[in-house]
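Below is one structure, written out as structure tokens, with a few remarks after it.
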Amino acid sequence: MTDWPQVRLHVVTGKGGTGKSTVAAALALALATKGRNVLLCEVEGRQGIARMFDVDPLPFAERRLTTGLPDADGEPGVVHALHVDPEAALLEYLSLYYKLGRAGRALDRFGVIEFATTIAPGVRDVLLTGKVFEAVQRNSRNKGAIHYDAVVLDAPPTGRIVQFLNVSNELAGLAKVGPVKSQADTMMTLFRSPRTAVHLVTVLEEMPVQETADGIGELRAADLPVGGVVVNQVRPRDLTPDQLATLDAGTVAGELAEAGLDETQVDAVVTDLLLGGREHAERRALETAQRAIVDALDVPAYELPRLPQGVDLGALYELAGLLRDQGLA
Amino acid sequence: MNQPPRVGPSGRPRGADVGAAVLDVDALIDDRGVGIIVCCGSGGVGKTTTSAALALRAAERGRRVVVLTIDPAKRLAQAMGIEALDNTPRPVTGVDGGPDGGSLDAMMLDMKRTFDEVVESQASPEKARQILENPFYIALSSSFAGTQEYMAMEKLGQLHADARAEGSYDLIVVDTPPSRSALDFLDAPERLSSFLDGRFIKLLLAPAKGPLKLVGAGFGLITNALTRLLGAQVLRDLQTFVAAIDTVFGGFRQRASKTYALLQDEGTAFLVVAAPERDALREAAYFVDRLSADRMPLAGLIVNRAAVPPAGDLSADEAMAASERLRRSDATSTTAGLLRLHADRTRLVEREAWLRDRFATSHPQVPTAVVPALATDVHDLDGLRRVGSLLGGDDASG
Ligand SMILES: Nc1ncnc2c1ncn2[C@@H]1O[C@H](COP(=O)(O)OP(=O)(O)OP(=O)(O)O)[C@@H](O)[C@H]1O
Ligand SMILES: Nc1ncnc2c1ncn2[C@@H]1O[C@H](COP(=O)(O)OP(=O)(O)OP(=O)(O)O)[C@@H](O)[C@H]1O
Ligand SMILES: [Mg+2]
Ligand SMILES: [Mg+2]
């Protein structure tokens, strides 16, 4: 059972490099159960989705990406992908909402589009979030377009997430009136509603955890709904702290022999195994301390292991399964 | 699968083991001909840590160093005494400069303040105030993608000029912003100036400079559309901004091209920092290619946070098999757990070695140093010293 049955828009943020894109992809796969359509969006122009799923670079158009993680009766839903590009979004937006026609083309010709999307304060973010908003709000009246059961956004990092979602506030310094402003206000209603959840990805290190705590505070202060914390890249815990504290060369050597290693192999490896164990214990202790801080945040936490082989397509499905088992999807 | 070459029997992965030349970091920082070291790389790979560690090591080997850091972790900033942002270098205490009188100053870049100061130095007080208050300027100076890179270069130019004039430093170590790609450091200043040279800006300036008969009609359409979309105030702000920034910007661009020339100088050395991961190494490869295309002096690659190879020759598969045998009789066997850790580590080391090997094959001319991952974060001078000594090629256990 999912912990987030009401949520249509899952925003995935976190400190840079902690695994936002990986978790967003895995979450999209996990949400795509039987008969459901899920949209995975990226907004930073990095083509991370194409790389992770090993497909050609994505255009500014929705396209079918892959099937989701099968559920108990074996039937998966479909994951679609969208790479939101601010310039294309602005042109689409202008033609859709304002029927600017000739003026729209003139804007492009004079470089206004480029200008607006690079500097005009907040306009870029409004455009990016606007496209995502449209995908979430889409309903059956919009013929021909796919109706999504969930949208997953691989969002900017924690340091920028509040600014990114708080579109009407961002525009306040600039457009005090006019349609762009009222559009931004409508979007805020969705982002602040229980239909949105902002999940934070972290690893169990000091800086990312601190950033997560700060991020949760800022999101709450801005009335944006905090979802779960995804604790990523967790080291294996199959050894207890007790076991790690009482490592004994004799015992380990005996067990290695029992496991079929010959004497030279045992001699070569036993010291190193103990050293590895102690180093692991040290890092685990740090992780445990950081995990306690995460628990004190009072937000549901989900955990993903550090995969020693790195993340390939198969690994995304493996992580998706773990997220589903834990109820994020 | 092809067995990747095994690395350092002494428990320390060295660049040389996978076919790349070894980067001699100590020779680099001891070279009095090198006055600027720039640490570049994609986000989170350890640029700030490496810059600070190099700077400290250089100072303790007798050089008079200033390090320009960007967004350091809070505890590291505290340890270096630079948590207060005043945009000027401060002496770091606890540095042992040795008999040669080495010293270390450090500062943390304040991007907006640097930008403001340039505006103030280029424009009359009245005009400067107008610019500083304009919402477009505020956006440009605080959130335009590329401003931080631009300001890092600006600050480097200033530090270099000051050091020349006062003889205060003989080595400047520069950290670079946490951008998604190392290329941003080279591209961003260009992006900012081509943006300010853009058609639209020209157009907004044109009416002030003379009649614009040809585009007149189109321009009316644009202003109308913008007014409808954003309100009239926005257009007025925009025009003020563009007119004001134009006078200031000429000076800016000149300074940027001077700094660019400084980066190409043979007294400058670029170090590319990367994590031993596919994405980071791909970024590093792009960057290395760009540096050579731009005729910028590359000193080498630093692979940071590498996994330390285990001793012995028990393969990952053998370790896993043995682990499973033990678990069958005792599910909580300590030795089984240790064997699994060993297997994980061996696989990680193999993957990293393979990735570095791919890099070395395509970029054999790039000397490489490998810094193992420490068990803890680096947030004080002792931690920096350890990273420094690993950079210098000392053993990991030290
Ligand atoms: N659970 C995991 N186990 C092993 N490797 C992982 C795991 N999660 C992520 N990674 C790896 O860590 C790296 C960073 O992950 P990812 O690109 O998802 O992070 P990100 O937060 O999106 O980064 P950025 O801030 O650059 O967008 C990638 O190489 C990814 O394959
Ligand atoms: N060799 C190392 N061993 C262990 N931890 C390290 C090592 N190098 C860096 N770190 C840690 O990794 C984290 C990121 O390092 P750092 O801040 O230097 O990266 P950066 O490239 O400057 O990141 P950004 O792109 O965000 O500016 C820090 O917590 C730092 O302490
Ligand atoms: Mg990402
Ligand atoms: Mg940094």
Side-chain angles (χ1 to χ4, degrees), chain A residues 15-17 44 46 51 94 98 100 102-104 106-107 109-112 114-115 118-122 163 173-181 205-207 210 236 238-240 243 247 251-252 255-256 258-261 265 268-269 271-274 276-277 279-280 282-283 286 308-310, chain B residues 43-44 73-75 135-136 138-140 143-145 178 180 195 198-201 203 215 218-219 221-222 224-226 228-231 233-234 237-238 277-279 310-314 322-323 325-326 332-345 347-348 351 375-377 379:
Chain A
K15 184 170 164 30
E44 299 219 290
R46 298 174 61 175
R51 220 175 286 149
L94 291 174
Y98 302 109
L100 278 183
R102 228 155 71 79
L107 289 175
R109 189 152 52 83
F110 288 116
V112 179
E114 182 203 352
F115 181 87
T118 28
I119 178 187
Q163 189 188 29
L174 179 68
K176 296 190 177 59
V177 290
V180 171
K181 167 80 173 125
E205 288 171 20
E206 208 174 294
M207 276 213 288
Q210 181 61 48
D238 38 10
L239 290 171
T240 65
Q243 283 176 307
L247 294 175
T251 322
V252 172
E255 291 200 341
L256 286 175
E258 198 183 308
L261 270 66
Q265 276 181 314
V269 88
T271 333
D272 208 54
L273 281 188
L274 291 176
E279 203 170 280
H280 178 69
E282 200 175 337
R283 287 182 199 243
L286 289 175
Q309 317 261 45
Chain B
K74 212 186 272 162
R75 280 174 66 184
F136 285 91
I138 293 171
L140 181 70
S143 64
F144 181 75
R180 61 195 196 201
F195 164 69
R199 282 174 296 180
F200 183 49
I201 299 238
L203 204 63
V215 293
F219 191 65
L221 267 179
I222 291 175
N224 284 339
L226 283 180
R228 264 169 67 198
L229 285 173
L230 302 168
Q233 178 63 36
V234 173
D237 282 346
L238 186 56
E277 280 161 13
R278 204 171 28 146
D279 293 351
D313 61 357
L314 189 65
S323 168
R325 275 198 296 280
L326 286 175
T332 62
S333 155
T334 305
T335 306
L338 293 178
L339 283 164
R340 175 180 165 191
L341 289 176
H342 176 94
D344 283 359
R345 184 148 66 113
R347 287 192 177 128
L348 189 60
R351 192 161 59 93
T376 60
D377 274 1
H379 46 57

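Chain naming here is simple, since letters A, B, ... match the order of the sequence lines and numbering starts at 1 in each.
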Next item on the list: Would you mind reporting whether A:Leu261 and B:Leu314 have side-chain heavy atoms less than 4.5 Å apart?
Entry: yes
Item checked: Toward chain A, the part of B:Leu338 with a non-hydrogen atom under 4.5 Å -> both
Checklist line | Closest-packed option against chain B by number of heavy-atom pairs under 4.5 Å, given A:Glu206, A:Glu205, A:Lys15 | finding: A:Glu206
Item checked: Distance (rounded to the nearest 0.5 Å) between A:Leu273 CG and B:Arg340 CZ -> 14.5 Å
Notebook entry, point to check: Can any side-chain N or O of B:Arg347 pair as donor or acceptor with the backbone N or O of A:Gln309 at less than 3.5 Å?
Noted result: no
Notebook entry, point to check: B:Asp344 versus chain A, heavy atoms under 4.5 Å apart: side chain, backbone, both or neither?
Noted result: both
Item checked: Residue pair A:Thr251 / B:Thr335, side-chain heavy-atom distance below 4.5 Å -> no
Margin query: Once rounded to the nearest 0.5 Å, what's the spacing between atom CG of B:Leu341 and atom CD of A:Glu279?
Written below: 10.5 Å
Note to self: So does B:Gly337 get a backbone contact from the side chain of A:Asp238, meaning a donor-acceptor N/O pair under 3.5 Å?
What the structure shows: no
Check: For B:Ser333, is it the side chain, the backbone, both or neither that has a heavy atom under 4.5 Å from a heavy atom of chain A?
Finding: both
Next item on the list: Let me know if A:Glu255 has heavy atoms under 4.5 Å from chain B in its side chain, its backbone, both or neither.
Entry: both
Notebook entry, point to check: Within the distance-only criterion (no hydrogens, no angle test), does the side chain of A:Gln243 pair as donor or acceptor with the backbone N or O of B:Thr332 below 3.5 angstrom?
Noted result: yes
Note to self: Do A:Arg51 and B:Asp279 make a side-chain contact, defined as non-hydrogen atoms from C-beta onward lying under 4.5 Å apart?
What the structure shows: yes
